[in-house]
Structure formats: structure tokens, C-alpha cells
Undergrad: 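I'd like to ask some things about the structure below.
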Amino acid sequence: MSTSTYPAAVVNHRSKASKAQARLAWTLMVPTIAVLLIVIIIPVFQSLYQSLFGKAGLDPETGFVSDTEPFVGLANYTDIFTEAGARFWTAAYNTTLFGVVTVVLETVLGVAMALIMHKAMRGRGFVRAAILVPWAIPTAVSGILWGWIFNQNGVANAILGQHIMWASGDAAAKLTIIIADVWKTAPYIGLLTLAGLQVIPDEVYEAAKIDGANAWQRFTRITLPLVKPALVVAVLFRTLDALRMFDLPYILIGPRKSSVETISMLVQDEASNLRYGSAAAYALILFLYVFIFAFAFVKITGADLGASVEKKKTTGGKLNASVFLPRRRRSPQPAALTEGGRS
């Protein structure tokens, strides 16, 4: 029956109901939109406006000191491509290096931690608590603790039997930040991955064992595909946080150290020296960098397709382990079972 044959009252009723649902949806979205407007959109436009001005001070035209910030247009952005922007490119390199290396190491260790915490064994509660303790420690406290460890008379030099100036060298300072950050935040990825592991039924692994899958095949063809939605979210959040890294290198190594200075540290240093225009410009560049990375990451990894992939691999509402296993590795069924009998 076509819609045109329905009574007009029924059509009008559905139209009113749909309009009421649309109004309700917009009403529920208003608080969220207001928060985003106040917290994100307005500050972004304010930063864009601020980035068009220079530092207040001596006016070269009049020779007098002025409290008014001069309008410089896009000079704060073009300066990063001149000799004055060398510090920015160093900070951008450090930001990218820390973001890539730490997240890769944390993902590997986090998945390993999740598998350990998920394994049924005696003292599992103590193991989980011990693994999650570093993540619960505030970053400032963690930076101070690792500062003691990597002190010239600290535990690290005592174990290595060498006198290494960790905070003074270039590679040594970077390694210090990477070790400290991985130690602290790897449990975060492990915790979110553990949440994904706990929703995988044990029957799936039992069926895979019957099909002849070894431990590596069960991990790569069952665990990773099914835990992918949770793991992708964990990696995304952790990467966005790593690209905004500020407190750990600032406390552990110190400010204005080119070996570990990130874009966030550069923004803070420019603002503390009353160069608000360049600070706003660097902050906007960092914002665009993080936004572009997040958009590309979601598109490349297909984070929003995780649920649909799982649905394609289900049969009758239950997961079928055979879809994850290679056909050539499946074990043949016993003759008695194929004939409908029992062995």
C-alpha cells in the first residue's frame, strides 16, 4: 500500500510526531552546542584575531614606547619560514617524534598488559592494580620521580655504571622523556584494550582451537579484529594527548631546552614573554595539526566501521570463529560426525 492511500489524518499525525522528535533532538543538543561554542569555537576565533598582532613595545616610527599591540597581519605565520622560525620547526619535530614513538611503544606494551590482566590466574587483582598504578600518578609527580631516577647521581646511572647527563644531552633527554611517558601512559591503552577483550566470548577461542588454530592465529585473527574498536579509540586519544605534550618535558628536563621543547612548551614560553601574537599563531598551528591528524587517523583506520565489520562476521547473533581463520588451517571433521553419528 502506497503512502498516498493512507488517510490524511495518519499522515499529518506522523508529520507532527517527526517534527516533535526533531524539536526534542535540537533541544537536547543545545547544551552541547553551547559548551562547544564557549570552550572551542570562540577561543579559536579569539586566537586567530590575536595572532594578527605583534608585541607591544617600542614603536619604530615614533620612537616612543606604546602599550598598544601593533597590527602585523600574517607576519607571525610567515616568520616560521624564516630564520626566526627555526625554533618552531625544532619544536614541531620533537612533538611529532614524541607522538609517534611513545604511542607505538605504548600500544605494544598496552596490548601485552591487557592480555596479562585478562588472563585468569591467581593474584590477578594485584597484577591489575600494579599495572594501573603508574597511570594513576599525576604527571607532575611522575616527572619529579623520573627526574630523581635520571639525575647524574640517580638510579639510572648507578645501574648502568656510567655518568650520563640525561638532561643535558640531545638524544639522552629525548630518551628520558620517551621512557617516562611510556611508563606512565601505557596502562591507559592497556585498560581500554582490556575492556574490549572482556566482551569476546570464550566460545570463540574454543571453536578456534577445535579448528586447529594456534596461539598466534587466535591472537591475529580473533583477538585483534574484535578488540580493534576499543584499541583504535585508545590509540587515537593517546596520540592526541601526546601531540599536546607539555608538563612531562617541562618538569623533567626544563623549559627552553631545544632537545625536548614541544609546540605546547613554545606557546607557553611565547605567552610568558608577552608575545601573545606569536603564541596564538603557534597554538592555532598546533590545533590544525592535531585536527588534521585526528581526521586522517579516523579515515585511514576506519574507526567508525568497527561495529559494521563485527556484524558481518556474525552468524545468528553469535560470533563464528571460522570466519577469522584461514581455510587451509581448518581441521577436517571426523567421519562419524559428518555422517550424523557420534564418535
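Keep in mind the model is a prediction, meaning the values are calculated, not measured. Keep in mind that the numbers below use all heavy atoms, side chains included, and drop hydrogens, waters and symmetry copies. Residue indices begin at 1 and follow the sequence shown.
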Undergrad: Enumerate the side chain to side chain donor-acceptor pair (under 3.5 Å) contacts for residues 27-47, please, sequence neighbours excluded, ordered by first and then second residue.
TA: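 Passing the test, one end in residues 27-47: no pairs.
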Undergrad: List the atom pairs, with distances to 0.1 Å, where a side-chain N or O of residues 253-261 and a protein N or O form a donor-acceptor pair under 3.5 Å, not counting sequence neighbours.
TA:
from   : atom 1 : to     : atom 2 : distance (Å)
Arg256 : NH1    : Asp269 : OD1    : 3.3
Arg256 : NH1    : Asp269 : OD2    : 2.5
Lys257 : NZ     : Ile253 : O      : 3.3
Glu261 : OE1    : Arg87  : NE     : 3.1
Glu261 : OE2    : Arg87  : NE     : 3.4
Glu261 : OE2    : Arg87  : NH2    : 2.6

Undergrad: Would you list the pairs meeting ring-ring contact (aromatic ring centres under 6.0 Å, His included) in which at least one residue belongs to residues 240-273, sequence neighbours left out?
TA: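 Every pair satisfying ring-ring contact (aromatic ring centres under 6.0 Å, His included) with a residue in residues 240-273: Phe246-Tyr250.
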Undergrad: Just grab all the side chain to side chain donor-acceptor pair (under 3.5 Å) pairs involving residues 142-164, residues at least two apart or on different chains.
TA: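 Found Asn157-Trp166.
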Undergrad: Are the side chain of Lys119 and the backbone of Ala114 linked by a donor-acceptor contact shorter than 3.5 Å?
TA: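 No, because the side chain of Lys119 does not come within donor-acceptor range (under 3.5 Å) of the backbone of Ala114.
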Undergrad: For Val101, check side chain to side chain contact (heavy atoms under 4.5 Å, CB included) against everything at least two apart and list the hits.
TA: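 Leu97, Leu105, Ile178.
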Undergrad: Treating Ile, Leu, Val, Met, Phe, Trp and Tyr as nodes and any side-chain heavy-atom pair under 4.5 angstrom as an edge, say whether Ile80 and Leu48 lie in one connected cluster.
TA: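 Yes, one cluster joins them.
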Undergrad: Going by ring pair (Phe, Tyr, Trp, His ring centres under 6.0 Å), name the residues that satisfy it together with Phe71, two or more places apart in sequence or in a different chain.
TA: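 With neighbours one apart ignored, the set is Phe53.
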Undergrad: Please check if the number of heavy atoms outside Phe237 that lie under 6.0 Å from its CZ is greater than 12.
TA: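 No, not enclosed.
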Undergrad: Enumerate donor-acceptor pairs with a distance under 3.5 Å from any side-chain N or O in residues 277-294 to protein atoms, sequence neighbours excluded.
TA:
from   : atom 1 : to     : atom 2 : distance (Å)
Ser278 : OG     : Glu270 : OE1    : 2.5
Ser278 : OG     : Arg275 : O      : 3.1
Tyr289 : OH     : Thr96  : OG1    : 2.8

Undergrad: Applying a strict under-4.5 Å side-chain criterion to I, L, V, M, F, W and Y, I'd like to know whether Leu243 and Val267 cluster together.
TA: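 Shared cluster, yes.
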Undergrad: Same cluster for Trp183 and Trp135 if Ile/Leu/Val/Met/Phe/Trp/Tyr side chains link at under 4.5 Å?
TA: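 Unlinked, Trp183 and Trp135 end up in two clusters.
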Undergrad: Tell me which pairs pass salt bridge (charged side-chain N to carboxylate O under 4.0 Å, His left out) where either residue lies in residues 89-98, with sequence neighbours left out.
TA: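 Salt bridge (charged side-chain N to carboxylate O under 4.0 Å, His left out) check on residues 89-98 returns no pairs.
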Undergrad: Could you tell me whether the side chain of Arg218 and the main chain of Ala213 form a donor-acceptor pair under 3.5 Å?
TA: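 Yes.
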Undergrad: Starting at NZ of Lys55, measure out to CG of Asn273 and round the result to the nearest 0.5 Å.
TA: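 Going from NZ on Lys55 over to CG on Asn273, the span is 6.5 Å.
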Undergrad: For the residue pair Met117 and Ile131, what are the closest heavy atoms and their distance?
TA: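 Closest approach of Met117 to Ile131: CG-CD1, 3.7 Å.
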Undergrad: Give me each pair satisfying side chain to side chain donor-acceptor pair (under 3.5 Å) with a member in residues 73-82, each pair once, sequence neighbours excluded.
TA: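 Every side chain to side chain donor-acceptor pair (under 3.5 Å) pair that includes a residue of residues 73-82, provided the two are not neighbours, is Ser51-Tyr77.
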Undergrad: Can you list the residues that meet the side chain to side chain contact (heavy atoms under 4.5 Å, CB included) rule with Val155, with sequence neighbours excluded?
TA: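 Scan of Val155 (side chain to side chain contact (heavy atoms under 4.5 Å, CB included), adjacent residues dropped) gives Ile149, Ile159.
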Undergrad: Ignoring hydrogens and angles, write down the donor-acceptor pairs under 3.5 Å from the side chains of residues 191-198, residues two or more places apart or on other chains.
TA:
from   : atom 1 : to     : atom 2 : distance (Å)
Thr193 : OG1    : Ile189 : O      : 2.7

Undergrad: Not counting sequence neighbours, list each pair that qualifies as a salt bridge (charged side-chain N to carboxylate O under 4.0 Å, His left out) and has a residue in residues 178-188.
TA: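 As it turns out, the salt bridge (charged side-chain N to carboxylate O under 4.0 Å, His left out) pairs with a partner in residues 178-188, which skip direct neighbours, are Asp181-Arg238.
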